[in-house]
Amino acid sequence: MNREFFDRSVHEVARDLIGCQLGVGETAGVIVETEAYEAADPACHAYVGRTARNEVLFGPPGRAYVYLSYGIHSLLNAVAEPEGSAAAVLIRALEPTRGIELMRERRGRDELEQLCSGPGKLTEALGVGLELNGADLLAPPFELRASDPKWATVEVVTGPRIGITKAAELPWRYCVSGSRYVSRPWPQVETRAA
DNA sequence: GCCAGGATCGTCT
DNA sequence: GACGATCCTGGCG
């Protein structure tokens, strides 16, 4: 995983982050759900122009944009596209792979599906707070690895983004088809015991 | 299982 | 002074 990976269209980056391993300290998980936000997008924090909060979005690719949501949750984004172009990928869900006991303590829940299945949940599980805003995703405490073969072939489906009111119809959410670890069950599907 | 309501605070009008 | 890129709980069926 290198800087060039993030120096592309935010949509490609959002798609390609699916299946990658994201680690923070002792904890890690495989990214199974993302959303793309670009500068010309009314739902993007950078849409209104440069402000103190969204500063990091205009900076170089490959950094973390972390902000406080609803006064309670830290949400983690990966800044994409060249410096000056404000765009980012919201990390919405992980399949936990390492440090699961620590995640359980931080989350106060035991079920694997409840540890990282949402943007606010995974930051709590990984210990990501506002102090990491602007930090380099390619350096500790972050750790990003390209998807291993097992994940290279999974089916990725797209659909509308979640929790926004502006430009909600744009199909810029990406997630692993059928994963039990995404923030919301995918509309389609299927399998019900008879 | 589904839905309504509350928690909580930095940022921008 | 209002508003969220959310999560959890409790009530009801």
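A, B, ... follow the sequence lines: proteins, then strands. Residue 1 opens every chain.
A cation-pi arrangement is found for A:Arg8 relative to A:Phe5, the charged atom lying closer than 6.0 Å to the ring centre and inside a 45° cone about the ring normal.
Looking at A:Glu143 and A:Arg98, a side-chain N of the basic residue comes within less than 4.0 Å of a carboxylate O on the acidic one, giving a salt bridge.
Residue order along DNA chain C, read from the 5' end via each residue's closest nucleotide, puts A:Thr165 first among A:Arg109 and A:Thr165. Both A:His73 and A:Leu130 lie close to DNA chain B; mapped to their nearest nucleotides by heavy-atom distance, the more 5′-ward contact belongs to A:His73.
Under the Watson-Crick or G-U wobble criterion, with both distances below 3.5 Å, B:dC3 is paired with C:dG10. Both distances falling under 3.5 Å, in either a Watson-Crick or a G-U wobble arrangement, occur for no nucleotide opposite C:dA5.
Nearest to the side-chain atoms of A:Leu75 among the listed nucleotides C:dG4, C:dC7, C:dA5 stands C:dA5.
A sub-4.0 Å separation between OP1 or OP2 of B:dC12 and a side-chain N or O of A:Thr51 is present. In terms of phosphate contacts, A:Arg173 brings no side-chain nitrogen or oxygen within less than 4.0 Å of OP1 or OP2 of C:dA5.
Residue contacts for A:Gly71: at a heavy-atom cut-off of 4.0 Å it reaches a base atom on one of the strands shown. A:Arg161 comes within 4.0 angstrom of nothing in the nucleic acid, heavy atoms only.
Rounded to whole angstrom, the span from the CG atom of A:Leu68 across to the P atom of C:dG4 amounts to 15 Å. When the C1' atom of C:dT6 is taken as reference, atom CD of A:Glu124 falls 11 Å away, rounded to whole Å. Across the protein-nucleic acid pair, A:Asn77 atom CG and C:dA5 atom P stand 11 Å apart, rounded to whole Å. For the pair A:Asn133 CG and B:dT11 P, the interatomic distance rounds to 9 Å; values are reported in whole Å. Summarising the geometry, the separation between CZ on A:Arg53 and C1' on B:dT11 is reported as 6 Å, rounded to the nearest angstrom. Atom pair A:Arg107:CZ and C:dT9:P shows a separation of 10 Å (rounding to whole Å applied). Look at CG on A:Asn54: it is 11 Å from P on B:dT11, rounded to the nearest Å. Distance, A:Ile72 CD1 to C:dT9 P: 13 Å, rounded to whole Å.
C:dA5 has A:Tyr37 stacked on its base ring, the centres lying under 5.5 angstrom apart and the planes within 30 degrees of parallel.
A donor and an acceptor atom, one from each side chain of A:Gln21 and A:Thr97, are located under 3.5 Å apart.
Side chain of A:Arg161 to backbone of A:Arg173: no donor-acceptor contact under 3.5 angstrom is found.
When every heavy atom of A:Asn2 is checked against every heavy atom of A:Leu138, the shortest pair comes out as C-CD1, 3.7 Å.
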